[in-house]
Amino acid sequence: MGFPFFDHPLTLELLRQTERGLREFLDPSVAAVLEAGNYAFDAGGKRLRPLLLLLVARGLGASDGELRERILPLAVGIEYIHTASLLHDDVVDEAETRRGRAAAHRVFGNGVAVLTGDYMYASALYLYSVYGSAEAIAVVSEAVKRMAEGQVLELKRVGELIDEETYFAVVDGKTSALFAAAAAVGALAAGAAELKDLFWDFGLRLGRAFQLVDDALDYAGNPTEVGKPVGQDLREGKATYPLLSVLDGLDPEEVKRALLTGEGADRLVNLVRKLGGVVKTKERARLELEAARRILEKSPLKGEERELLLSLVDFVVERTY
Ligand code: FPP
Ligand code: MG
């Protein structure tokens, strides 16, 4: 993918196993579920959460055999939860596109999209019950609870100007929690339960930065690379960090009108960019990533996995997609 992290032989091998696992562990007897599920997988995706889980587990001493037989299903389960959440999110957001293609609900209908998401979520918990532990199930359930809370919090404030604290409460729920769970499960799967909280925090910081950059790309990304049009958040009535970071230079009435009605959204997107909202958002993301880096450096995780996780940290802020 043109970035060192994705070109590394270990990343490529873990990605290959993840892609195979995603399809192997999903075995619905109803064709439409398989069709919608494969549609969601085929759209691609960076598979960052399963990679994070696998790299943490391997870096903390899990063998390649353990990785393949016992830990890969947990990584696949995390991606199932992520995919389920996107299937649901696109229905909630009434999004037209996802990853550069028509969103699944636009192809299969809301019912099939939501229920396929339910099927994937249940498949994930099944994998955790067979290959994980009660503690790992607790970690992922906690993440999904926070995701749903984050989504509801966001939904309740659509069309409104929120403050930074609310913004981060939304982000920590909808995005950071699953990154946190992926890293924490990686530690648990390697038999390092004492490092669960440390890696949860590592994932949380990484997830926060990931969402900040996502929100920056919404204002300044290349729509072909990002897979969705510029300014979508504002048009959906969502006040995200780029906007919040330059509020002082904006007319509050204009901002409120754009959030509530979409009127003047394009003009406002350009203004936010001119005022440095995108740069400020990436700076804020870098702060989170520095914290993530410090956590990793004080952890006992060493070797090529540590280098790769550091390279993943760099990717999160440098990415253009
Ligand atoms: C995308 O956010 C949405 C999420 C990251 C999380 C969605 C979570 C849920 C629907 C709750 C959990 C549900 C299940 C079944 C596990 P966004 O709308 O900001 O990003 P986008 O621009 O990519 O759509
Ligand atoms: Mg969305």
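As the structure lists them, so they are numbered: ligands from 1, and atoms in each ligand from 1.
Under the 3.5 Å distance criterion, the side-chain polar atoms of S245 are matched with a main-chain donor or acceptor of Y241.
Counting heavy atoms under 4.0 Å from ligand 1, residue D93 touches it through the side chain alone. Using a 4.0 Å cut-off between heavy atoms, Q151 contacts ligand 1 through its side chain alone, with no backbone atom that close. At a heavy-atom cutoff of 4.0 Å, ligand 1 is contacted by no atom of Q232, backbone or side chain.
With ligand atoms numbered from 1 in the order given, ligand 1 contributes 16 (C) to contacts under 4.0 Å with heavy atoms of V144.
Taking a cutoff of 4.0 Å between a charged side-chain nitrogen and a carboxylate oxygen, R58 and E66 do not qualify as a salt bridge. For the pair E149 and K174, the salt-bridge criterion is not met [side-chain N within less than 4.0 Å of a carboxylate O].
Using modelled atom types and a 3.5 Å distance limit, the side chains of R267 and N270 yield no donor-acceptor pair. Between the side chains of N110 and H105, a donor-acceptor pair is found at a separation under 3.5 Å.
In this structure, K238 is part of the shell of residues with a heavy atom less than 4.0 angstrom from ligand 1. For the pair E236 and ligand 1, no heavy-atom separation below 4.0 Å is found.
Not a single N/O/S atom of E236, whether from backbone or side chain, sits less than 2.8 Å from the Mg ion (ligand 2).
Here's the thing with H88: none of its N/O atoms is less than 3.5 angstrom from an N/O atom of ligand 1.
Geometry note: the Mg ion (ligand 2) is the vertex, D93 OD2 and D89 OD2 are the arms, and the angle is 100° (rounded to 10 degrees).
Aromatic ring centroids of Y39 and F108 lie under 6.0 Å apart.
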Check: Taking it one step at a time, do S311 and D314 satisfy side chain to side chain donor-acceptor pair (under 3.5 Å)?
Finding: CA-CA 5 Å; S311 154; D314 292 335; 5.7 Å; no
Checklist line | Working for ring pair (Phe, Tyr, Trp, His ring centres under 6.0 Å), residues F315 and F6 | finding: CA-CA 9 Å; F315 168 75; F6 287 102; 5.0 Å; yes
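Of the listed options G117, A84, A95, A148, A148 places a heavy atom closest to atom 11 (C) of ligand 1.
Considering D215, V316, V317 as possible partners of F210, the one that fulfils the side-chain contact (heavy atoms from CB on, under 4.5 Å) test is V316.
Of the protein's non-hydrogen atoms, the one nearest atom 22 (O) of ligand 1 is K228 NZ, 2.6 Å. Regarding atom 23 (O) of ligand 1, its nearest protein heavy-atom neighbour is R98 NH1, 2.7 Å. The protein heavy-atom contact nearest to atom 12 (C) of ligand 1 is M147 CB, 3.9 Å. The nearest heavy-atom contact from the protein to atom 17 (P) of ligand 1 is K174 NZ, 3.6 Å. The closest protein non-hydrogen atom to atom 1 (C) of ligand 1 is D89 OD2, 3.4 Å. The nearest protein atom to atom 10 (C) of ligand 1, hydrogens excluded, is given as S85 O, 3.5 Å; this is a heavy-atom distance.
The cationic group of R157 does not satisfy the cation-pi geometry with Y167, failing either the under 6.0 Å distance to the six-membered ring centre or the 45° limit from the ring axis.
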